[in-house]
Amino acid sequence: MSKYIVTSALPYANGKLHIGHLAGAYLPADIFVRFLKLKNEDVIYICGTDEHGAPISIKAEAEGVSPKDIANRYHEKIKEGFDAVGIEFDNFSGTDRQIHYKLSQDFFKDLDKNGFISIKTSKQLYCEHDKKFLADRYVEGICPFCGYEGARGDQCDNCGKLIDATALIEPKCMICGNTPVVKETTHWFLDLPKFGDKLKNWIGTKSFWKDNVHKFIMSWLESGLIERAITRDLKWGIPLPIEGNDDKVLYVWFEAPIGYISSTIEWAKNQGDDDLWKKYWMDENTKLIHFIGKDNIPFHTIIWPALLMGQDKNFVLPYDVPANEYLNLEGKQLSTSRNWAIWVDEIAKDFDGEYVRYYLAANAPETKDSDFVWKDFQNSINNDLANVLGNLANRVFTFIAKFYDGKISKYSEVSDSALELLNSAKKIIREVETCYQNYKVRKATKLIIDLARLGNKYFDERKPWKMVKENKEGASETLYVCYQILEIISILFTPVFPKKMSKLRASMNLKSDFNWDDLCTEITDDVTIGEFKPLFTKIEDKEIDTQIEKLFANLKSKKKEKIVHKEDIEFDDFEKMELRIVKIIEVEKIKKSKKLLKILVDLDGEKRTVLSGIAKNYKPKDLIGKKVVMLINLKPKKMMGELSQGMILAATNGDKLSLLTLDREDLDIGSPIS
RNA sequence: GGCGGCGUAGCUCAGUUGGUUAGAGCAUCGGAAUCAUAAUCCGAGUGUCCGGGGUUCAAGUCCCUGCGCCGCUACCA
């Protein structure tokens, strides 16, 4: 028997969980693990929060608490979210614990000793007031690309581009507000290219990996591996284990995946056997399976395996990395910043957590992005669960109670239709098993609901309500067979509905200690049913309408961004700008660009070429003849091989854009603006 | 522009290595039934499988091309 370590991506401890997280990395893993446990496999399910990095320490400083407080707070919130929907880890740790510190430092030391670490100096922003390097989010300034004022040191929130902090215009230290200086700093790099061949060979053995994962890795490998910095100038994190460098910490992406191991070590200690973790991590037969979202593919298939390969200890390498695609919400991509999301704790408050499990399982983004649609959520629950499965259970139970005082016996003769049904059930059992084994949760749920449909069909065909009047014995066969079908479903659906199915089994007076093999043994005893209440209650239209309203209300409330005023300027400053009316005479698209238009304008005889990023909002032919406002004396700039001599003014709001035009057409070209 | 993905019934999607008359659920219409949470069951379907070309005895599936949409990326003076 092989052992399994199943992990889900470590959630970052500075925010809550939303349904996209669940659908991608947690629910599929949880279902897989519950399935393996049903099969009595030796499996541990490991996770924990990722607690270091700049965003957490910045939030901490903003709130005047310690980073640890932030990490602890969200660790608890995230855990509550998981509990609410029944995601059950064998261990849920965090990366700010001693075990993890030591292990991460050991990882670094081994890599260093084995020649996989190099040192480089580079330029970074340094605040002389706070005496520290301003990594990533510790600095804000004007985005060199879009001009957005709140751009961070690593990325601009407005245009989404990655930024080299030294390129920021008017950078400001987030702590004191002073202007930082550019200073050299030293960083340690992981020499990824040295692992190139080894990685290629290893990945070559992974032909069974999901197609999307394989494609992603190959394009990464082909574009060439580069050395990657694994240290940061921060206080919050795991200190670099090299003397005299206590101002450096290991970068989160380096240490976070090590959390899978340290969480397992913690688990072993809790089990009272400190070395137990080695039996999993150091056995080459262990199947290490990482469930992640698609954004995590390179880390888990290239960098993390490289880290493992560079160790003295023989750690097992990932066996499989089933990466899921994204879950959209009502047709649009989930977005935390725009508040376009459904939070796990909130949905679990309004609906049964297992409804959420079912819907997300039935719509898992396994091969492509899928969509969470509230109306569809309601439909799935009401039709599949309440009407099909719930009703099957309900009609069988009430029938047995009503006509047989809650007790029926094994039938003596089996009808053809019963045989047919039981054979279909056997086939479905095999198919469901294959699906679970291959992370195909979506198909598994569909198959099980199909079985419930077959049950209803069989019940209708046999018409026990009629037969019971003439041949009570014969009618009991139908009930007995349906009872068997329900028993099968109670096992098949346990990975998805652990609670509901155990409730169902309790009503059926079935043993609470059961496993997958029980699917092969037919019940032959008399059965007595217990107390029964409907398994699934329907979701009313009103409830869904409320949710939809809430969703859009959130969106609106977030859309209103505060207007941040700029510093006052002198009239002279304004006078410096030469703004004039120009007429557009020729427009053509720049082939290589989606947004840029090349515009030729007439400035009272003089002609100028301007590039403008308005191709998404205006068609070239609609622009010709328009009189617009242009900044004339802006320094010319080359873009996409063309020289732009000025800037056409436009108002923007999100995707909307409008050129500034005149409300009196008779004004001359070249008229100044003042 | 580069890389990747997608385009199948009104809607959400299945469609394995090319192989009979292209499927499921929902919604719609008609019927049966009354054990059951008005639940269930049966029947009816509607399709230029995005367009065009090609390979093949055979294409939703493979190749080329055009269009449309999405994601990442570059671009936004």
Side-chain angles (χ1 to χ4, degrees), chain A residues 143-148 156 158-162 211-212 215-216 218-220 222-223 294-295 325-326 328 331-333 362-363 367-373 375-376 378-380 382-403 440 442-443 446-447 449-450 452-469 475 478-479 482 532-538 589-597 610-617 630-631 633-650 652 657:
Chain A
C143 175
F145 303 103
C146 70
Y148 178 68
C156 171
N158 186 49
C159 63
K161 255 187 293 281
L162 298 177
D211 206 37
N212 59 343
K215 279 205 175 106
F216 208 101
M218 291 327 275
S219 75
W220 246 64
E222 273 160 29
S223 64
K294 63 180 165 188
D295 50 333
E325 303 290 312
Y326 286 151
N328 291 327
K332 276 182 282 191
Q333 197 169 32
N363 289 288
T367 53
K368 57 180 169 184
D369 290 358
S370 63
D371 205 6
F372 185 107
V373 181
K375 276 278 166 204
D376 204 40
Q378 182 194 18
N379 267 337
S380 292
N382 291 358
N383 284 314
D384 301 351
L385 298 186
N387 292 351
V388 176
L389 177 54
N391 181 51
L392 175 67
N394 196 52
R395 69 201 300 203
V396 169
F397 275 97
T398 44
F399 204 100
I400 295 175
K402 203 161 160 183
F403 295 97
K440 290 183 181 170
R442 200 181 169 123
K443 194 174 170 194
K446 188 184 177 302
L447 284 166
I449 293 296
D450 281 349
R453 286 202 157 89
L454 290 176
N456 274 321
K457 181 178 170 171
Y458 166 76
F459 196 102
D460 268 37
E461 278 168 2
R462 301 292 292 169
K463 298 184 175 45
W465 57 90
K466 230 180 200 172
M467 209 198 279
V468 75
K469 289 170 191 156
T478 309
L479 278 309
C482 285
F532 179 76
K533 278 184 203 144
L535 275 178
F536 306 102
T537 45
K538 288 193 190 178
K589 268 198 162 176
I590 295 203
K591 284 258 167 70
K592 288 180 193 167
S593 169
K594 261 184 215 164
K595 293 188 188 170
L596 282 180
L597 288 181
V610 189
L611 300 186
S612 186
I614 57 172
K616 283 200 167 173
N617 305 282
M630 176 166 146
L631 178 59
N633 60 337
L634 189 65
K635 259 191 194 167
K637 157 103 182 177
K638 215 169 186 183
M639 286 185 304
M640 307 299 291
E642 302 275 354
L643 195 66
S644 179
Q645 308 165 283
M647 175 177 175
I648 290 175
L649 302 191
T652 60
L657 186 148

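Quick caveat, the model's predicted, so the values are computed rather than measured.
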K466(A), NZ: over 12 other non-hydrogen atoms inside 6.0 angstrom: no
Sugar-phosphate only, base, or nothing, as touched by P534(A) at under 4.0 Å among non-hydrogen atoms: base
G45(B) versus G25(B) - spacing of their P atoms, nearest Å: 15 Å
Pairing partner of G51(B) (Watson-Crick or G-U wobble, both distances under 3.5 Å): U65(B)
Residue pair F532(A) / T398(A), side-chain heavy-atom distance below 4.5 Å: no
Protein-nucleotide distance (N387(A), atom CG; A38(B), atom P), rounded to Å: 9 Å
K443(A) vs A24(B): side-chain N/O to OP1/OP2 distance below 4.0 Å: no
G-U wobble or Watson-Crick pairing nucleotide for A24(B) (cut-off 3.5 Å, both distances): U12(B)
Complementary nucleotide of C41(B), counting Watson-Crick and G-U pairs under 3.5 Å: G31(B)
Aromatic ring pairing F459(A)/F399(A), orientation class (parallel under 30°, perpendicular over 60°, tilted between): perpendicular
C75(B) pairs with, by Watson-Crick or G-U criteria that keep both distances under 3.5 Å: none
Touch class at under 4.0 angstrom, heavy-atom based, for F536(A) against every strand present: base
Sugar-phosphate only, base, or nothing, as touched by F459(A) at under 4.0 Å among non-hydrogen atoms: base
Near-parallel close stack of W465(A) and C35(B) base (under 5.5 Å, under 30°): yes
Check: N391(A) side chain, A36(B) base, donor-acceptor under 3.5 Å: yes
Residues E325(A) and K368(A) bridged, charged N to O under 4.0 Å: no
Rounded interatomic separation in angstrom, taking CG from L385(A) and P from C26(B): 13 Å
Sugar-phosphate, base or nothing in reach of K402(A), heavy atoms under 4.0 Å: sugar-phosphate
Side-chain N or O of R453(A) closer than 4.0 Å to phosphate OP1/OP2 of C26(B): yes
Mate of G4(B) where both pairing distances stay under 3.5 Å, Watson-Crick or G-U: C70(B)
Sugar-phosphate only, base, or nothing, as touched by L447(A) at under 4.0 Å among non-hydrogen atoms: nothing
Sugar-phosphate, base or nothing in reach of N394(A), heavy atoms under 4.0 Å: base
K446(A) vs U12(B): side-chain N/O to OP1/OP2 distance below 4.0 Å: no
Residue pair E461(A), K457(A): steps toward the side chain to side chain contact (heavy atoms under 4.5 Å, CB included) verdict: CA-CA 6 Å; E461(A) 278 168 2; K457(A) 181 178 170 171; 3.3 Å; yes
Length of the line joining D376(A):CG and U12(B):P, which is rounded to integer Å: 9 Å
